[in-house]
Q: 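Here you go, one structure.
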Amino acid sequence: MNQKQISKLTSIFGLDLRSLAIFRIGLALIVMADLFSRFQGIYAHYTDQGLLPREALHSNLFASFIALQPAQNSLLRPWYWSFHLLNGSLFFQFFLFLIAFILSFSLLVGYRTRLAIIAVWALNISLQNRNPALIFAGDDVLRAMLFWAMFLPLGCAYSIDSALNSNPKPLPKRVMNVATFAFIIQLIFIYTWSAAYKTKSELWWPDGDAVYYSLHFDQYATAFGHFLLGFPLPILQILTFGALIFEWVGPLLIFIPIKTSFLRCLAIVSFILLHIGFELCFSIGVLSYLSIVNWLTLLPTEIWDSAQAKITTKPRQGLTIYYDKDCGFCKKVVHGIRTLLILPGTPLLMAQDHPSIYEDMLEKNSWVVVDWEEKRHYKFEAIAYVVSLSPILFFLESLLRWPPVMKPGTKFYETIASNRKVAGTFTKPFKFRPLKVESSLPFNLIVLWLLLLTIVWNLKGFVDQTVARDRNYRNNTKKDWISATHHFLNRRTFQRINVLGYLTRLDQSWSIFAPAPPRDDGWHVMIGKLKDGTEINLLDKNSPITWEKPTLKQRQNWYQTIQWRVYYINLNRAIGNKLYPHFVNYLTQEWNRKHPENQQLESIEIYFMDERTSPPQEVQQIEKKQVWPNSSHSKEQGK
């Protein structure tokens, strides 16, 4: 393979280190946002006093945190594990959330990046496995991208790791290996397999009513989504066909070997616009933001180089920073400042090697910053000048030069400068280490094997669902590649491989609004009867009991977070039979804990107002169903 072919492959399957840095920062912020959302329900969702105590997940956990065997009525699959299952107390859950947030921050700033991403991935899986009733599409995407992120050089740009890089050999702008290839394939799978699932439903093709049904699902829909419902049906059908075709064709743009950078940018912009549209129409947590971050990872090197050329000015080119070579703290700080302010290439020189600069350093007891006109800056004023040259933080200069900030800032600088040894204790954990992006043969083979597992898992999921939806396959009367693949992938050999998929949570299925959008819409009415005979609305304690359809604003107040939204949706799914007994216990305990004896909760009745979405032009029908108590839940409790 000649150099031109290698260069073309690198442009298609390689990733720029700066794009990977943006991905790292965005991914860390997404994880933090997810943690914040989940933290709001930490007591209800993750403690033994909440909606799903540990014994409800699995009756026989090995070492208290992993399910090795299937168990009757279990909500935890075999080989699923969770550190959060080790203890059901609020304090322990709070401790794990705190650790996860600290590790996410470490990932954000790029400190010990590889270890940070591994730990964040593990705690994310642990958190998701602790309560399966809260999982939705965004969690699946986050879990998958965190997994492949472990194999990528995320800390090689815009990070503490890159600031403290002691490798004399400059890092390449772009890296290509099996991990970058696997990441791109995983990203593409999210859309292409979703499109494949959708082709199994007539609502997507040929009817074209999928967008109509999606926007009618009030559990997710927003006000803008309802606004779109006012458009004529042919417009909604065009949107349906457009979304389906784009999920098939859009990802392929990044593999076209002609005008690769342009087409890749076109794909990035198109998918970002697609997810902005999703976010406007549906309340789906972090999914849209995460998907946008995923696509930014593909920003080509040409974009970064072009941006770098545009921000290269004489003041930035002429900047030189001098520091005390006998001060390890000083060296780390100037390297950090250069990285934080995105001033790559700025010379960082030892003052002792330049007599005139060294004299100034001793006289002023300060670092020395020399601008492009050979003017020297010192102390806190030098910080303000360097910040003014930053392409992203330049706007802070006026604040830093404001006298009420400049005066105490200078005093603070002088205090640090006079106590550098003490200040050095805070930077002692930050060591200079060499960064490398080369990947070994064993590394590439392991990643390749994991990618093959992912491919097989996606294929198996698609085939299994196809067989489950077609009676002819189940009765062995239809013979084609689907039936042959189903038989082959369900052999005992592949069953053993499944264990790794469960352990790593590479078990994935991209059936987002697929094969068909959900139609089981509706709302809950929860009536509590107190000992004094009063009946209360448990879903909205400040409102009287009503059977009227809630507004989108009311739903937003009920759900508060995406986790609560998903939980209420799952109450109306098959898993609901296992959830309701614990849900009722939680409602009872929480009410009784906060109210006096004469206002204790004596009984609960829960109804689901089933508003199954009717086809276009038909009148919506609402059916009142009592879901608690009923015979099926009595049987579940008796098991």
Side-chain angles (χ1 to χ4, degrees), residues 1-3 5-17 19-20 23-24 27 79 81 107 112-122 124-125 140-156 161 167 169 171-190 192-193 251 254-255 257 294 297-298 433-462 485 488-510:
M1 188 176 293
N2 59 42
Q3 191 62 37
Q5 291 172 324
I6 293 175
S7 177
K8 179 55 66 176
L9 283 176
T10 303
S11 67
I12 296 175
F13 296 109
L15 297 174
D16 192 284
L17 294 181
S19 300
L20 287 172
F23 172 65
R24 184 199 76 241
L27 190 63
W79 301 103
W81 52 273
L107 179 63
R112 303 305 295 270
T113 309
R114 182 80 70 182
L115 294 177
I117 186 63
I118 292 173
V120 167
W121 166 77
N124 180 261
I125 287 181
D140 297 331
V141 176
L142 179 58
R143 189 175 66 243
M145 305 322 284
L146 281 172
F147 178 83
W148 295 110
M150 294 190 294
F151 303 98
L152 298 172
L154 301 184
C156 290
D161 288 346
N167 190 348
K169 182 180 179 182
L171 296 174
K173 293 180 180 179
R174 189 161 48 194
V175 59
M176 182 188 73
N177 53 29
V178 177
T180 62
F181 175 74
F183 178 88
I184 293 172
I185 294 301
Q186 176 67 87
L187 178 59
I188 299 310
F189 273 5
I190 295 172
T192 54
W193 281 112
I254 67 175
F255 298 119
N294 291 339
T297 315
L298 271 60
R433 296 183 178 86
L435 288 179
K436 298 179 181 179
V437 297
E438 295 86 2
S439 54
S440 64
L441 178 60
F443 173 89
N444 284 321
L445 290 176
I446 290 172
V447 176
L448 180 60
W449 192 80
L450 291 168
L451 176 60
L452 291 174
L453 173 65
T454 304
I455 293 171
V456 169
W457 195 281
N458 278 278
L459 178 61
K460 183 177 182 297
F462 175 76
T485 305
F488 178 73
L489 294 181
N490 280 278
R491 290 181 176 180
R492 185 172 297 179
T493 301
F494 287 99
Q495 296 299 324
R496 294 193 183 101
I497 296 176
N498 285 349
V499 172
L500 184 60
Y502 292 132
L503 284 173
T504 59
R505 289 308 314 270
L506 278 174
D507 52 326
Q508 51 188 248
S509 175
W510 305 113

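When reading the values below, keep in mind they use all heavy atoms of this one structure, side chains included, and skip hydrogens, waters and symmetry mates.
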Q: Looking only at heavy atoms, which two atoms of Thr192 and Pro251 are closest? And how far apart?
A: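 Scanning both residues completely, I find the closest heavy atoms to be CG2-CG, 4.2 Å.
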Q: Which atom pairs, donor and acceptor, lie under 3.5 Å between side-chain atoms of residues 181-188 and protein residues at least two apart or in another chain?
A:
unit_1	atom_1	unit_2	atom_2	d
Gln186	OE1	Trp148	NE1	3.0
Gln186	OE1	Gln508	NE2	3.1
Gln186	NE2	Gln508	OE1	2.9

Q: For a 4.5 angstrom cut-off between non-hydrogen side-chain atoms, does Glu438 reach Asn177?
A: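 The answer is no, as the side chains (C-beta and beyond) never meet within the 4.5 Å cut-off.
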Q: Kindly indicate whether the side chain of Val456, heavy atoms from C-beta on, has any atom under 4.5 Å from the side chain of Ile497.
A: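 Contact flag for Val456/Ile497 side chains = no.
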Q: Is the backbone N or O of Val120 less than 3.5 Å from a side-chain atom of Asn124, with the two atoms forming a donor-acceptor pair by type?
A: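 Judged by distance alone, no pair lies under 3.5 Å.
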Q: Hey, could you give me the CG/OG distance between Leu152 and Ser19, rounded to the nearest 0.5 Å?
A: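 Nearest 0.5 Å value for the CG-OG distance: 11.5 Å.
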Q: Is any side-chain heavy atom of Val175 closer than 4.5 Å to one of Leu20?
A: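 Yes, close enough: below the 4.5 Å cut-off.
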Q: State, with a plain yes or no, whether a side-chain heavy atom of Phe147 is found less than 4.5 Å away from one of Leu450.
A: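 A side-chain contact exists here, since the closest heavy-atom pair is under 4.5 Å.
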Q: For Leu453 and Gly501, work out which heavy atoms get closest and say how close.
A: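 In this case the closest contact between Leu453 and Gly501 is CD2-N, 4.1 Å.
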Q: Okay, side chain of Arg174, backbone of Gly14: is any donor-acceptor separation there less than 3.5 Å?
A: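 Answer holds: no.
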Q: State, yes or no, whether a side-chain contact exists between Leu441 and Leu445 at a heavy-atom distance under 4.5 Å.
A: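 In short, these two side chains touch, coming nearer than 4.5 Å.
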Q: Quick one: are Pro153 and Leu17 in side-chain contact, heavy atoms under 4.5 Å?
A: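 Contact flag for Pro153/Leu17 side chains = yes.
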Q: Among Trp510, Phe189, Tyr502, which one satisfies ring pair (Phe, Tyr, Trp, His ring centres under 6.0 Å) with Trp457?
A: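 Looking at Trp510, Phe189, Tyr502, the match for Trp457 under the ring pair (Phe, Tyr, Trp, His ring centres under 6.0 Å) is Tyr502.
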Q: Main chain of Gln3, side chain of Ser7: is a donor-acceptor contact present, judged purely on distance under 3.5 Å?
A: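 Between the backbone of Gln3 and the side chain of Ser7 there is no qualifying donor-acceptor contact (under 3.5 Å).
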Q: Report yes if some heavy atom in the side chain of Asp161 is under 4.5 Å from a heavy atom in the side chain of Arg433; otherwise report no.
A: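 A side-chain contact is absent here, since even the closest heavy-atom pair is not under 4.5 Å.
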Q: Atom CZ of Arg143 and atom CG of Asp507: how far apart are they, to the nearest 0.5 Å?
A: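 With rounding to 0.5 Å, CZ (Arg143) is 6.0 Å from CG (Asp507).
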Q: Would a 4.5 Å heavy-atom cut-off, applied to side chains only, mark Asn498 and Lys460 as touching?
A: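 Yes, close enough: below the 4.5 Å cut-off.
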Q: Measure from the side-chain N and O atoms of Thr180 to the backbone N and O of Met176, and report whether any donor-acceptor pair falls under 3.5 Å.
A: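 Judged by distance alone, no pair lies under 3.5 Å.
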Q: For the CG atom of Asp16 and the OG1 atom of Thr10, what is their distance to the nearest 0.5 Å?
A: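 So the gap between those two atoms works out to 12.0 Å.
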Q: Looking at Ala122 and Trp81, what are the two nearest heavy atoms and their distance?
A: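 Here Ala122 and Trp81 meet closest at O-CH2, 3.5 Å.
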Q: Which distance, rounded to the nearest 0.5 Å, do you find between the CG of Leu154 and the CG of Leu15?
A: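 So the CG of Leu154 and the CG of Leu15 are separated by 10.0 Å.
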Q: How many angstroms lie between CG in Leu459 and CZ in Phe488, if you round to the nearest 0.5 Å?
A: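 Output value for this atom pair is 10.0 Å.
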Q: So how far is it from Arg114 CZ to Phe151 CZ, rounded to the nearest 0.5 Å?
A: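 Taking CZ in Arg114 and CZ in Phe151, the distance rounds to 8.5 Å.
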Q: Of all heavy-atom pairs between Ala116 and Leu107, which one has the smallest distance, and what is that distance?
A: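 That would be CB-N, 4.0 Å.
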Q: What's the verdict on side chain to side chain contact (heavy atoms under 4.5 Å, CB included) for Leu146 and Leu27, showing C-alpha distance, side-chain angles and the deciding distance?
A: CA-CA 8 Å; Leu146 281 172; Leu27 190 63; 3.6 Å; yes
